[in-house]
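To start, the structure itself, in structure tokens.
Side chains are part of it too, since the values below use all heavy atoms of this structure and drop only hydrogens, waters and symmetry mates. Along the sequence shown, residues are numbered consecutively beginning with 1.
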Amino acid sequence: MPSYGLWQWIRASGHGAETGFWIGDIREIKSGRIACPRSLPSIHNRSLEPTNLHRASPYAVTSVTMGLSPQITNLIIILGMMQVAKKIPFEDESVLNLCRAGYIASNLIILSIYLYIQNTINKKKDLTTLKYVEPAPMGSSEEGKLVTTTVQAYDLAQLKNLMRSQMMGVLMMGVMHLYFKYTNPLLIQSIIPLKGALEANLTKIHVWGQPASGDLKRPFKQAAGFMSGLQNGSAQSDKKAVESAERAGRGGAKEE
């Protein structure tokens, strides 16, 4: 199968290193300028060792980024659905009711996913102690607060935030559609929240069975976006930050 993605190449020369990027199939990089490995392992968001390269070329593929970020795919979906919405006859009551049914079905699926995650968390009952330093709100002169909790309690708190966010979205959509009579957002809000639920960290761990390591290591990294600007960064769980907060006596009581 083609290995599509964003590839970075580098060539050492007497004047330093030259770098560049290639978007497309890795096999298409084979040219007089750029070399690539003859055989590729399964790759996803990790660096490639410059091994098994064409000897005739001084170039080497050094890293690859496969796929698009959730923010980019969301933007693509929104732009696409805006074009689709222009061709949908919302004035037809049967078509409008079908869109409403799709929106309701989407939210029921999301609710089912979250309830399944809640049930899985309670079944696992992982009482492993989790310590991290929670960042202070942006603009605050206070230092980060030490939080001592369990994996189970942390996951349930994260799930509660997801449910609250989804409920707020449904409330806003209800006001926009029922009071202001907007119909186009029904399509977008039937897809984006469902996509977000399927891509959530808790879903990856408790539904898809991915290990809680790397980007899925608790505490989860602060997602990029508007709300991330209200805090001074992500929570810190490294030993140095935790010990510093403990010595300063900032928090530390176990959350139940």
Side-chain angles (χ1 to χ4, degrees), residues 1-8 21-29 42-46 63-117 158-159 161-208 210 215-216 220-229:
M1 292 180 61
S3 300
Y4 290 99
L6 173 63
W7 298 82
Q8 182 183 30
F21 294 92
W22 176 270
I23 300 177
D25 187 348
I26 180 62
R27 293 177 297 186
E28 297 175 3
I29 301 180
S42 176
I43 307 162
H44 185 74
N45 292 331
R46 65 182 180 85
S63 64
V64 59
T65 303
M66 300 293 292
L68 299 173
S69 68
Q71 291 80 9
I72 297 298
T73 53
N74 286 349
L75 179 59
I76 293 173
I77 291 173
I78 290 173
L79 293 177
M81 295 309 297
M82 286 175 64
Q83 298 302 316
V84 172
K86 294 179 180 179
K87 301 180 180 180
I88 296 179
F90 287 107
E91 62 276 4
D92 187 332
E93 192 68 21
S94 60
V95 173
L96 181 58
N97 287 334
L98 188 61
C99 292
R100 288 169 175 166
Y103 177 75
I104 294 173
S106 174
N107 280 277
L108 289 177
I109 293 173
I110 294 172
L111 178 60
S112 299
I113 292 172
Y114 289 162
L115 291 177
Y116 175 82
I117 291 174
Q158 293 295 308
L159 181 62
N161 290 337
L162 290 176
M163 288 182 169
R164 183 187 297 117
S165 177
Q166 185 61 26
M167 289 177 61
M168 290 297 296
V170 171
L171 180 61
M172 290 178 63
M173 186 66 244
V175 173
M176 291 176 64
H177 180 61
L178 299 177
Y179 185 77
F180 293 105
K181 307 301 180 183
Y182 286 110
T183 54
N184 290 15
L186 283 172
L187 292 175
I188 297 174
Q189 292 304 313
S190 297
I191 298 174
I192 298 297
L194 178 58
K195 177 177 175 290
L198 294 173
E199 294 176 342
N201 290 333
L202 291 178
T203 306
K204 292 178 180 178
I205 294 173
H206 298 292
V207 178
W208 308 132
Q210 296 185 25
D215 291 339
L216 297 180
F220 302 138
K221 294 179 181 179
Q222 182 73 25
F226 171 75
M227 294 303 294
S228 62

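- A distance of 13.0 Å separates CG of L202 from OH of Y116, quoted to the nearest 0.5 Å.
- Crowding of D215 atom CG: a count of heavy atoms from other residues, nucleotides or ligands under 6.0 Å not exceeding 12.
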Side-chain atoms of residues 188-201: list all donor-acceptor pairs with protein atoms under 3.5 Å, sequence neighbours left out, distances to 0.1 Å.
from : atom 1 : to   : atom 2 : distance (Å)
S190 : OG     : Y103 : N      : 3.4
S190 : OG     : L186 : O      : 2.5
K195 : NZ     : T73  : OG1    : 2.9
K195 : NZ     : N74  : OD1    : 2.9
K195 : NZ     : E199 : OE1    : 3.0
K195 : NZ     : E199 : OE2    : 3.2

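- You'll find the side chain of M163 reaches within 4.5 Å of the side chain of L115, heavy atoms only.
- Distance check, rounded to the nearest 0.5 Å: CG of L159 to CZ of R164 gives 11.0 Å.
- In terms of modelled atom types and a separation under 3.5 Å, the side chain of S165 and the main chain of N161 share no donor-acceptor contact.
- Atom CG of L108 is separated from atom CD1 of I113 by 11.5 Å, given to the nearest 0.5 angstrom.
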- [ ] Evaluate the criterion side chain to side chain contact (heavy atoms under 4.5 Å, CB included) for residue pair L187 and I88; output intermediate values, then yes/no.
- [x] CA-CA 10 Å; L187 292 175; I88 296 179; 3.3 Å; yes
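- Between atom CG of residue L79 and atom CG of residue L75 there is a gap of 4.5 Å, rounded to the nearest 0.5 Å.
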In residues 170-185, what donor-acceptor pairs under 3.5 Å come from side-chain atoms, sequence neighbours left out?
from : atom 1 : to   : atom 2 : distance (Å)
H177 : ND1    : Y182 : O      : 2.7
H177 : NE2    : R100 : NE     : 2.9
H177 : NE2    : R100 : NH2    : 3.4
K181 : NZ     : L178 : O      : 3.2

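- Put simply, the side chain of S106 reaches to within 4.5 Å of the side chain of I110, judged on heavy atoms.
- With rounding to the nearest 0.5 angstrom, the CD1 atom of I117 is 12.0 Å from the NZ atom of K204.
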